[in-house]
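Down below is the structure, laid out as structure tokens.
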Amino acid sequence: MSPSEFYIKELQRALSEQALFIRAFSVTSSSSLQAIASVTLLEGNNVTIILTNQGYHADQSGATPFETIEDLLQSVSPLYAQKRQLALLDALEKWSSHQLPNKGQG
């Protein structure tokens, strides 16, 4: 992968993984130094997310970079945080129901 492709591919991958917790996204521009996407949050408002060598930035978060897309989205979208937490709890519940010991065997 060439340096000019890294940021766009990484931003697309990161946002694709969050598809259940955002309404939509579109990468609007990229260069060898950054990629920029417009993201529609569950609340319906749009936020611009920029990925650079310093991390993820949102137009709403000022100059504070985030190490992960999850941290950034959690800081700008209460519904993202709520829906993601419910999904994690559901996954843990399903996992724990499969981990119950089989009684009478041993």
Shortest non-hydrogen contact from [X] toward [Y]:
X	Y	answer
Lys83	Leu20	NZ-O, 3.1 Å
Tyr7	Ser32	CE1-O, 3.2 Å
Tyr56	Ile49	CD2-CG2, 4.3 Å
His57	Pro65	CE1-CB, 3.3 Å
Ala14	Gln18	O-CG, 3.3 Å

Fill in: 4.5 Å side-chain heavy-atom contact, Thr40 and Ile22
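Thr40 vs Ile22: side chains apart.
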
Worksheet item: Is the closest side-chain heavy-atom distance between Tyr80 and Glu43 below 4.5 Å?
Response: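 Side chain of Tyr80 against side chain of Glu43, heavy atoms only: no contact under 4.5 Å found.
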
Pairwise distance [atom1]([X]) to [atom2]([Y]) - rounded to 0.5 angstrom:
X	Y	atom1	atom2	value
Ile69	Ser16	CD1	OG	11.0 Å
Gln74	Arg84	CD	CZ	6.5 Å
Leu51	Leu33	CG	CG	11.5 Å

Practice prompt. Please identify each residue that fulfils side-chain hydrogen bond (donor to acceptor under 3.5 Å, both in side chains) with Asn53, with sequence neighbours left out.
Written response: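 Asn53 satisfies side-chain hydrogen bond (donor to acceptor under 3.5 Å, both in side chains) with no other residue.
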
Discussion item. Quick one: does any side-chain atom of Ser26 pair with a main-chain N or O of Ser38 as donor and acceptor, under 3.5 Å?
Written reply: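 No; judged by distance alone, with no hydrogens or angles, the pair does not exist.
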
Worksheet item: Counting N and O atoms only, with roles assigned by atom type, does the side chain of Ser77 sit under 3.5 Å from a partner on the main chain of Leu73, one being a donor and the other an acceptor?
Response: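 No, because the side chain of Ser77 does not come within donor-acceptor range (under 3.5 Å) of the backbone of Leu73.
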
Practice prompt. Identify whether Leu11 and Phe6 are in the same connected component of the hydrophobic contact network (ILVMFWY, side-chain heavy atoms under 4.5 Å).
Written response: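 Yes.
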
Worksheet item: Do Leu72 and Ile50 sit in the same hydrophobic cluster, where Ile, Leu, Val, Met, Phe, Trp and Tyr count as joined when their side-chain heavy atoms come under 4.5 Å apart?
Response: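 No; Ile50 is not reachable from Leu72 via cluster members.
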
Fill in: Stepwise side-chain contact (heavy atoms from CB on, under 4.5 Å) test for Arg23 and Leu42
CA-CA 5 Å; Arg23 283 195 185 172; Leu42 293 175; 4.3 Å; yes

Item to complete: Enumerate the residue pairs fulfilling ring-ring contact (aromatic ring centres under 6.0 Å, His included) with a member in residues 24-44, sequence neighbours excluded, ordered by first and then second residue.
Response: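 Matches after skipping sequence neighbours: none remain.
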
Item to complete: Give a yes or no on whether Gln85 atom CD has more than 12 heavy-atom contacts from other residues, nucleotides or ligands under 6.0 Å away.
Response: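 No, CD of Gln85 has 12 or fewer neighbouring heavy atoms, counting only those of other groups under 6.0 Å.
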
Discussion item. Run the side-chain contact (heavy atoms from CB on, under 4.5 Å) test on Val47 and Leu41 for me, step by step, so that the C-alpha distance in whole Å, both residues' side-chain angles and the decisive distance to 0.1 Å come before the verdict.
Written reply: CA-CA 7 Å; Val47 62; Leu41 303 174; 3.9 Å; yes

